[in-house]
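Here's the structure, in structure tokens; my notes come after.
Residue numbering restarts at 1 for every chain, and letters A, B, ... go by the order of the sequence lines.
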Amino acid sequence: EDQVTQSPEALRLQEGESSSLNCSYTVSGLRGLFWYRQDPGKGPEFLFTLYSAGEEKEKERLKATLTKKESFLHITAPKPEDSATYLCAVQAGFGGAQKLVFGQGTRLTINP
Amino acid sequence: GAGVSQSPSNKVTEKGKDVELRCDPISGHTALYWYRQRLGQGLEFLIYFQGNSAPDKSGLPSDRFSAERTGESVSTLTIQRTQQEDSAVYLCASSRSGGAVQTQYFGPGTRLLVL
């Protein structure tokens with residue numbers, strides 16, 4: 001069974017304090033790994049898709065990386081507006097399976 | 001352009017009543033997905049529609065749950081004889097197609113509370 005585990009569950013940082021969020025996965029045939037941001041009371045907002053080990057993608061203060069077992073979301077010099085829950089999800093398997101399997105998320109708080 | 005829309009935003013119902021949730025996908029997106037997010041938990045896949053193909057219902061938790069989609073447009077998720085454990089946020093997503101790896105774009109969700 002495909003599994004996604006995110007750590008830590010919650011993280012508090014001071015503005016400007018860089019850190020990383022972890023997403024570990026166990027899947028049969030990774031096809032894509034997704035990062036989403038979710039603000040309270042809203043639906044997930046797409047950030048990145050990574051397809052193969054060694055791939056990296058960046059957007060503003062965020063950088064996502066992928067290995068064969070895990071992905072990291074690096075946050076550089078975060079601002080209070082980066083506070084949100086960050087969700088990791090995988091699409092795996094063959095035969096056209098399209099569902100995403102999500103981790104439980106990391107709740108990030110950036111204090112000014 | 002317009003994103004995925006869902007209605008109602010919030011729904012409070014009594015145990016045992018039926019509820020119907022609606023999703024309007026992004027125009028031109030042929031694939032549509034329903035997920036459930038219980039408080040403090042990750043999203044759980046419920047059902048997937050792609051064009052006129054048979055839907056993937058593998059995530060529906062019981063036969064009280066059903067969903068329909070007409071063509072490549074609106075979808076409705078129906079929960080019959082609601083139970084308190086059905087309380088959750090129900091999220092709809094759509095993608096351009098069901099082939100290869102497609103980004104799923106989510107709506108704002110319907111918050112369901114069963115009393």
So, does Glu56(A) use its side chain to make a donor-acceptor pair with the main chain of Thr65(A) at under 3.5 Å?
-> no
Given a strict heavy-atom distance threshold of 4.5 Å, which part of Leu91(B) is in contact with chain A: side chain, backbone, both, or neither?
-> side chain
Contact check, side chains of Leu62(A) and Ile75(A), non-hydrogen atoms, under 4.5 Å | yes
Return the option, out of Gln104(B), Gln41(B), Glu44(B), with the maximum number of heavy-atom pairs under 4.5 Å with chain A.
-> Gln104(B)
Part of Gln38(A) lying under 4.5 Å from any heavy atom of chain B = side chain
Non-hydrogen atoms of chain A under 4.5 Å away: do they reach the side chain of Gln37(B), the backbone, both or neither?
-> side chain
Atom CD of Glu14(B): over 12 foreign heavy atoms under 6.0 Å | no
Report yes or no: do Phe34(A) and Tyr51(A) belong to one cluster of Ile/Leu/Val/Met/Phe/Trp/Tyr joined by side chain heavy-atom distances under 4.5 Å?
-> yes
Would you call the rings of Tyr105(B) and His29(B) parallel, tilted or perpendicular if under 30° counts as parallel and over 60° as perpendicular?
-> tilted
Which one, Gly105(A), Pro44(A), Gly41(A), Ala89(A), leads in non-hydrogen pairs under 4.5 Å with chain B?
-> Pro44(A)
How many angstroms lie between atom CZ of Arg22(B) and atom OG1 of Thr110(B), to the nearest 0.5 angstrom?
-> 11.0 Å
Counting a contact as any heavy-atom pair under 4.5 Å apart, which residues of residues 67-74 of chain A contact chain B?
-> none
Counting only N and O atoms by type, is there a donor-acceptor contact under 3.5 Å from the side chain of Thr30(B) to the main-chain atoms of Gln50(B)?
-> no
Please determine, by modelled atom types, if Thr85(A) and Tyr36(A) share a side-chain donor-acceptor pair under 3.5 angstrom.
-> no
Tell me, side chain or backbone of Leu100(A) under 4.5 Å from chain B's heavy atoms, or both, or neither?
-> both
For residues Phe106(B) and Phe46(A), establish whether the separation of their ring centroids is below 6.0 Å.
-> no
